[in-house]
Structures are given as C-alpha cells and as structure tokens.
Protein chains: 2
Amino acid sequence: MPNIREIAKRAGVGIATVSRYINNTGYVSEEVKLKIQKEIDESGYTPNALARAIFTKNSKTLGLMIPNITNPFFNQMATVIEEHANRFGYTLFLCNTEDNEEKEKEYLEVLKSHRVAGIIASRSMCKDEYLNIQIPVISFENHISSSILTISSDNYKGGKMAFNHLYERGCRNILHIKGPKTFDATEMRYQGFIDGAKEKNIEVHVIGFESDFQVKMLEENLNNIINIEKYDGIFVFNDIAAATVMKYLKEKGIRIPDDIQIIGFDNSFICELVHPSLTTIEQPIKDLGALAVEFLIDLINGEDIVIKNYLVETKLIQRESTFLSSEVMSQSLVD
Amino acid sequence: MPNIREIAKRAGVGIATVSRYINNTGYVSEEVKLKIQKEIDESGYTPNALARAIFTKNSKTLGLMIPNITNPFFNQMATVIEEHANRFGYTLFLCNTEDNEEKEKEYLEVLKSHRVAGIIASRSMCKDEYLNIQIPVISFENHISSSILTISSDNYKGGKMAFNHLYERGCRNILHIKGPKTFDATEMRYQGFIDGAKEKNIEVHVIGFESDFQVKMLEENLNNIINIEKYDGIFVFNDIAAATVMKYLKEKGIRIPDDIQIIGFDNSFICELVHPSLTTIEQPIKDLGALAVEFLIDLINGEDIVIKNYLVETKLIQRESTFLSSEVMSQSLVD
DNA sequence: CTGAAAGCGCTAACAC
DNA sequence: GTGTTAGCGCTTTCAG
C-alpha cells in the first residue's frame with residue numbers, strides 16, 4: 001500500500017495537494033483532481049486513518065464496553081449503537097468484559113492507547129477507573145459515577161408495571177425472581193415491583209438470582225422453591241430467565257397462563273419463540289442506543305451535557321403468558 | 001494526556017530511554033526505571049497505539065465482519081474470536097454488514113484505512129473486493145475466494161447426520177426447511193440431507209426460506225405448507241427457525257415428538273429453552289473461533305498457509321424433540 | 001491554486 | 001546505559 005507521498009510523486013503534484021483533494025479542503029484544479037484520482041485508483045491507495053488520527057486528535061473510533069455480546073439485550077444494543085456510530089463516521093471496538101474487573105481494566109487501557117474518541121459502557125466492574133478518565137464516556141443501564149451520564153429505561157416503572165399487570169390479571173400470590181444484586185437495572189425492577197405491591201397491599205415473595213444468563217443456575221434455584229405451584233403469577237427479571245422458568249413449570253405439568261401467569265422483561269425475540277408467547281416489559285432499545293451515541297458524539301464535540309440521568313419509558317407488551325384480552329373477559333367473571 | 005517527550009522531560013531522561021523502558025527493549029537502569037514509572041503514574045500517560053502502529057506497521061487490531069451480531073451463531077463466534085484475539089494482544093472492530101453489499105464495502109474501506117492487521121469475515125456479499133486485498137483474511141462458514149482459507153463446520157455431514165437421525169428414529173415422511181440459497185452453510189446442510197435420503201431411498205420434501213433469522217417470514221412460509229401434519233420428521237436449517245416451526249406446530253395442536261419429530265442445527269441456547277427441548281447438530285463454535293484467530297495470526301506473522309478449506313466435525317445432540325433413547329425402545333417395537 | 005516544511009507521537013539506528 | 005536524530009504517513013500553516 002503506497003502512501004500519500006507516493007501518490008503525489010506519481011501524479012506529479014505536491015503532497016499537500018493530494019491531501020487537499022482527499023479531504024476536500026482547499027482548492028484543487030479539475031485537471032489535477034483527475035490525475036490524483038487516477039493514481040489512487042491504480043495503486044489501491046487508502047489514506048492511513050492512524051496517521052490522520054495522530055494529527056487531528058480524533059481516531060473516529062469508539063469503545064463499546066459490555067459484559068457479553070451473547071446476551072440478547074446487549075447484542076441488540078450493540079447493533080443499534082454500531083449503526084448509529086457508523087452514521088457519524090465512527091467505528092466500534094468490541095469489548096466483552098464478562099463482568100470481569102480485570103478484563104475491563106485491561107480493555108480500558110487498550111481503548112485509551114488506541115485513543116478512542118469516546119466510550120459507551122454498561123455494568124462497569126471498575127467504576128473508579130472512570131473517575132479521572134480523559135475520554136468522553138456514556139453509560140447505559142448502570143450508573144458509573146456522578147459525572148457520567150447514564151441512559152437507561154425506566155426500570156423502576158417497568159417493575160411496577162409488571163406487578164400491576166399481574167395484579168390486574170387477577171394474580172394475588174405473586175413471586176418475583178430477581179436479578180443479581182450488582183445490576184442496577186434489575187435492582188430497580190425489583191424496587192418498582194415491591195412498591196407496586198405495597199400500593200395494592202399485596203404481600204409478595206422474592207427470590208434472588210446471582211448471575212446473569214446462566215440458565216443452569218436458575219434451574220437449580222428453581223428446585224429450591226418447594227411450592228412453586230402455590231403462586232398464580234411470576235415476574236422474572238428478564239425474558240430468557242422467564243423462558244427458563246416457563247420450561248420448568250411446563251415440565252412440572254403446570255399450565256401457563258391457566259395455573260400461573262408469567263411476565264418477563266426486555267421484549268427480546270425469545271418472547272415470540274416460546275409457547276405460550278411471553279408477556280413482557282419492553283425496553284426501547286432503539287431509543288436507548290440512539291441516545292447513547294448521540295450524547296456521546298455531543299460530548300466528543302465538546303458540548304456540555306448537564307443532565308446526568310436520562311430515563312426512557314418502558315412499555316407493556318401483552319402476550320399469551322398472561323391472559324389475552326378476550327380470555328380476560330371470561331376470567332373476570334370468575335374472579 | 002502527555003506524550004513520550006513530556007514524560008522524558010519530566011523524568012529528566014531522553015525520549016528513547018522512556019521508549020525502551022515502556023517496551024522493555026534495551027537496558028534501562030533501575031534508578032531511571034523508577035523515575036520514569038513515577039512520571040507515568042502521576043500523569044496518567046498511556047502510550048499512543050496509533051503512533052506506534054504507524055511505525056511498527058502493526059495496529060494490533062482485527063476486523064470482524066459478520067452479518068449480524070444479533071444472531072446467536074455469530075455472537076457466540078464473536079465471543080470466542082474476541083477472547084482469542086485478546087490473548088494475542090489484538091482488539092476487534094465490530095462490523096455488522098446486515099448482509100448488505102454496500103455496508104460491507106464501506107466497512108472494508110474503513111478497516112483498510114485503520115490498517116487492521118487482519119480480517120475475519122463471514123458470508124461476504126462482495127467477494128470480489130477481497131481478491132486484491134493486501135490484508136490477511138480468514139473466512140468462516142462461507143467461501144470467499146480460492147486464495148482465502150475458509151473454516152467451517154462440516155455442514156454436509158451435519159445435514160446427513162440430521163437425516164439419518166430422523167430416519168433412525170422412525171421417520172419416513174421427512175421435510176427439510178432449508179436456508180437461503182446464498183448461504184454456503186445451509187446449502188451444504190441441504191445437500192447432505194438430500195444425499196442421506198438418497199442413500200436410504202427415501203423421498204423427501206424441501207421448502208426454501210429466503211432470509212436469515214426473520215421469524216415473521218418463516219411463519220408466512222409455514223402457512224403455505226398445506227399439510228404439514230402429514231410429515232413425521234422435520235429438519236430445519238437452524239435452531240431459531242426450528243423453534244419457530246415448533247411453535248407453529250404446537251399452535252396447530254401437533255405434538256412433538258409424538259406426531260412430528262424435529263431437529264435443528266447449531267446447538268444454540270434456544271435448544272434448552274424450548275419445550276420439548278430441541279435435538280440439534282452442534283457446531284463446534286469454540287474450535288471454529290479459535291482456529292480462525294490462530295490461522296489469522298499465523299498469516300499476519302507471515303506464515304504460509306497452504307490449506308484452503310478447513311472442516312471441523314459436527315455432532316448430534318439429542319434432546320426431547322426426537323425421541324429420547326428410553327422412548328425409542330418402546331417405539332422400535334411398534335415400528 | 002500549489003508546494004515546502006514543520007510537527008503529530010512514536011521507534012530504532014547510531015553515536016557517545 | 002543513554003540521548004540524538006531520522007522517519008513512519010499524515011495535515012496544515014505559510015509562502016509563492
């Protein structure tokens with residue numbers, strides 16, 4: 001791959017002229033333009049973004065720091081973020097932290113060394129490392145520090161919504177299967193759920209679950225609930241875990257929604273794939289991703305962002321795992 | 001963020017000494033080492049990987065070009081690839097092509113400009129663009145060109161395995177729901193399936209499906225199969241599509257595996273999530289990903305790789321959607 | 001309109 | 001052991 005000097009020489013012009021032509025900055029005569037383009041085409045020249053970045057102090061790259069690209073929520077976020085970043089001319093470094101502090105720290109160093117223009121992070125395990133970072137950072141789902149804008153869906157309201165939905169569908173013996181304590185998002189869902197129950201003076205049960213997306217462990221947990229059949233409604237912290245619960249119930253011969261109604265969180269593709277389809281609280285992933293990128297680009301461009309917490313509304317998506325409206329009619333007669 | 005000159009000045013040493021210290025190349029006295037480290041710590045200095053790359057001609061970055069990080073197969077691959085790349089000190093650019101030729105071409109330019117050390121690509125829509133590329137490339141799943149090593153699981157054998165399994169489980173009226181024509185992988189599964197059927201002198205039916213991972217479209221297709229209940233076994237090109245088929249069947253009151261047995265492909269987490277759990281052909285994703293990275297690193301390091309096609313064995317994972325062994329016993333008496 | 005030259009941050013000869 | 005210097009490929013003044 002030739003460099004700009006080579007192109008300049010071949011085209012018989014100065015190096016600055018080639019630069020001006022490539023970047024469309026300053027005047028270049030039509031005639032010269034053609035000559036340069038010809039040399040570029042023939043040699044397969046592509047400007048070196050690294051050299052450019054060194055000078056312009058903008059690498060046009062972003063770091064995406066997430067626990068696990070295998071998780072539907074994060075891979076959907078990644079898709080939206082990638083698409084938007086692209087629109088602004090930015091390319092993404094993929095950093096899977098595996099919720100591992102060491103790995104995240106290392107990645108943070110790598111991103112710094114590659115001089116990424118900004119970082120979008122979620123569920124940090126080394127929040128202190130972000131305190132004196134000189135790179136613009138946006139966080140989603142989890143709070144990192146008071147100086148970093150966090151974008152998330154309104155998990156609290158979502159949790160309350162979940163409770164209220166089960167309540168309205170006639171459930172009075174409700175269980176919440178709650179996510180790991182270290183995740184702000186699932187913690188908020190739990191809070192919203194609890195508060196919803198208090199408002200209706202309903203006593204609810206909660207069991208915790210200590211790691212993300214590990215179906216096996218969830219199954220073990222479920223076996224510890226001796227009388228799961230005594231509940232008539234379950235709110236699970238996310239869709240995949242909810243699907244696992246559904247499977248467990250089906251295997252015990254418990255009918256959904258007839259015996260137990262169930263509601264998840266996220267509105268991932270899983271909801272439509274399971275039978276019966278899963279009622280859930282939708283997180284507006286497209287909005288979350290778009291906002292994250294737009295705020296980050298603003299920060300990169302030196303704009304001041306005063307807001308430190310940005311909540312996006314969630315939405316109930318009703319499906320078969322809680323009674324559909326037609327069935328609710330007849331059910332309410334019984335109630 | 002200071003630069004190396006700044007650190008050198010503050011530590012009262014030469015710039016080359018700092019470089020030597022950082023890169024552990026050449027001698028530096030203990031005393032000076034301490035002074036330099038102190039300045040690095042105090043200033044939060046991180047070496048500029050961009051500048052370094054310009055000189056060393058190795059950016060220590062790789063491009064991962066895949067259709068869609070939302071697809072479980074690709075996000076699992078991405079996870080393995082990321083992990084291995086990391087082990088060799090490489091960081092990944094995430095490039096979702098969406099199976100879109102324009103997007104892939106643009107990304108190829110971006111990757112070139114960022115001087116990635118290598119590219120791992122799958123399911124390219126612009127194979128010609130790879131012909132004269134000056135960057136090491138490894139492809140997985142799909143063939144790009146005769147000069148590019150393709151790593152994939154043995155989809156042909158996998159397809160045959162799927163047929164044979166259904167056959168052994170007693171199915172004689174078998175349907176294959178086949179993936180898009182443009183995907184080498186699903187095409188090979190189809191071929192293996194067909195050939196397996198020929199060997200047993202069984203006539204099979206095949207319906208095609210023209211886009212990836214679009215559950216809605218699959219459902220529309222299914223409605224066109226008037227008599228799906230006449231089949232007793234179905235092989236679907238991947239697990240998600242298979243799960244969709246299962247759901248469709250359940251809604252029609254067809255029992256799995258009693259009325260129709262079903263087998264998928266990939267062994268993604270979906271298999272364990274659906275009820276009954278889904279029998280499938282496992283792709284050894286960990287091996288595929290590890291191999292892809294290792295071969296790519298070899299290429300980057302200038303090694304010659306003569307092999308142009310590397311197949312990894314698939315494996316049958318039997319679950320409830322085809323009879324489990326105990327049930328097979330009694331079933332074979334009937335047969 | 002165009003080119004020479006300085007400088008971005010780094011590495012590696014090459015002297016001392 | 002260490003510092004000076006050239007040069008990696010680029011952009012951008014600043015003359016002409």
Side-chain angles (χ1 to χ4, degrees), chain A residues 1-37 39-40 43-61 89 109-117 134-135, chain B residues 1-37 39-40 43-61 89 109-117 134-135:
Chain A
M1 174 94 67
N3 59 22
I4 196 171
R5 212 175 330 268
E6 181 77 16
I7 299 293
K9 195 162 56 175
R10 288 205 217 177
V13 299
I15 184 178
T17 308
V18 177
S19 173
R20 271 192 297 264
Y21 169 66
I22 291 171
N23 299 296
N24 223 317
T25 155
Y27 299 97
V28 179
S29 71
E30 283 307 317
E31 188 188 10
V32 171
K33 275 184 186 172
L34 285 172
K35 260 198 291 193
I36 295 174
Q37 187 57 53
E39 294 304 331
I40 289 179
S43 62
Y45 169 73
T46 311
N48 186 323
L50 274 32
R52 183 178 286 170
I54 265 183
F55 189 91
T56 61
K57 307 222 173 280
N58 186 346
S59 60
K60 290 297 210 167
T61 57
E109 276 311 302
V110 170
L111 293 181
K112 273 189 204 164
S113 74
H114 281 288
R115 298 296 189 267
V116 293
Q134 296 100 326
I135 302 171
Chain B
M1 173 93 65
N3 59 22
I4 196 170
R5 213 176 327 269
E6 182 78 15
I7 300 293
K9 194 162 56 173
R10 289 204 216 177
V13 299
I15 184 179
T17 308
V18 177
S19 174
R20 271 192 297 265
Y21 169 65
I22 290 171
N23 299 296
N24 224 314
T25 154
Y27 300 98
V28 180
S29 72
E30 283 308 317
E31 188 188 11
V32 171
K33 275 185 185 171
L34 285 171
K35 260 198 291 190
I36 295 174
Q37 187 56 55
E39 294 304 330
I40 289 179
S43 63
Y45 168 73
T46 310
N48 187 324
L50 273 32
R52 183 178 287 171
I54 267 183
F55 189 90
T56 61
K57 308 226 174 276
N58 185 347
S59 61
K60 290 296 211 167
T61 56
E109 276 311 303
V110 170
L111 292 181
K112 273 189 206 165
S113 74
H114 282 288
R115 298 296 189 266
V116 293
Q134 296 99 329
I135 303 172

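Keep in mind that the numbers below use all heavy atoms, side chains included, and drop hydrogens, waters and symmetry copies. Each chain gets a letter, A, B and so on, in the order its sequence line appears, and its residues count up from 1. Please read these numbers as outputs of a predicted model, since none were measured by experiment.
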> To the nearest 10 degrees, how far apart in direction are the end axes of the helix from C/dC1-D/dG16 to C/dC16-D/dG1, each fit to five base pairs?
Replying inline: 40°
List the residues meeting salt bridge (charged side-chain N to carboxylate O under 4.0 Å, His left out) with [X], not counting sequence neighbours, and say none if there are none.
X       : result
B/Lys9  : none
A/Glu31 : none
A/Lys35 : none

> Looking at CG of B/Asn48 and NE2 of A/His114, how far apart are the two atoms once the value is rounded to the nearest 0.5 Å?
Replying inline: 9.5 Å
> Taking only residues two or more places apart in sequence, or in another chain, which ones meet A/Glu30 in a side-chain hydrogen bond (donor to acceptor under 3.5 Å, both in side chains)?
Replying inline: A/Lys33
> What do the steps show when you test B/Tyr21 against B/Ile7 for side chain to side chain contact (heavy atoms under 4.5 Å, CB included), and what is the final call?
Replying inline: CA-CA 12 Å; B/Tyr21 169 65; B/Ile7 300 293; over 6 Å; no
>> With the threshold set at under 4.0 Å for non-hydrogen atoms, list the residues of residues 10-26 of chain A touching DNA chain D in residue-number order.
In response: A/Ala16, A/Ser19, A/Asn23
> Which nucleotide of DNA chain D is the first, and which the last, in the 5' to 3' direction, to come under 4.0 Å of a heavy atom belonging to chain A?
Replying inline: D/dG9 to D/dT12
> If you walk 5' to 3' along DNA chain C, what is the first nucleotide with an atom under 4.0 Å of a heavy atom in chain A, and what is the last?
Replying inline: C/dC1 to C/dG9
Under 3.5 Å, which donor-acceptor pairs do the side chains of residues 12-19 of chain A form with other protein atoms, sequence neighbours left out?
residue	atom	partner	partner atom	Å
A/Thr17	OG1	A/Arg20	NH2	3.4
A/Ser19	OG	A/Asn23	ND2	3.4

> So do the side chains of B/Ile40 and B/Gln37 get within less than 4.5 Å of each other, counting heavy atoms only?
Replying inline: yes
Can you list, pair by pair, the side-chain donor-acceptor contacts under 3.5 Å of residues 53-60 of chain B, counting residues two or more places apart and other chains?
residue	atom	partner	partner atom	Å
B/Thr56	OG1	B/Arg52	O	3.0
B/Thr56	OG1	B/Asn58	N	3.3
B/Thr56	OG1	B/Asn58	O	3.4
B/Asn58	OD1	B/Lys60	N	2.8
B/Asn58	ND2	B/Tyr90	OH	3.1
B/Ser59	OG	B/Thr61	N	3.3
B/Ser59	OG	B/Thr61	OG1	2.7
B/Ser59	OG	B/Arg115	O	2.7
B/Lys60	NZ	B/Phe88	O	3.4

> Out of B/Glu6, B/Met1, B/Arg10, which one pairs with B/Ser43 under the side chain to side chain contact (heavy atoms under 4.5 Å, CB included) rule?
Replying inline: B/Arg10
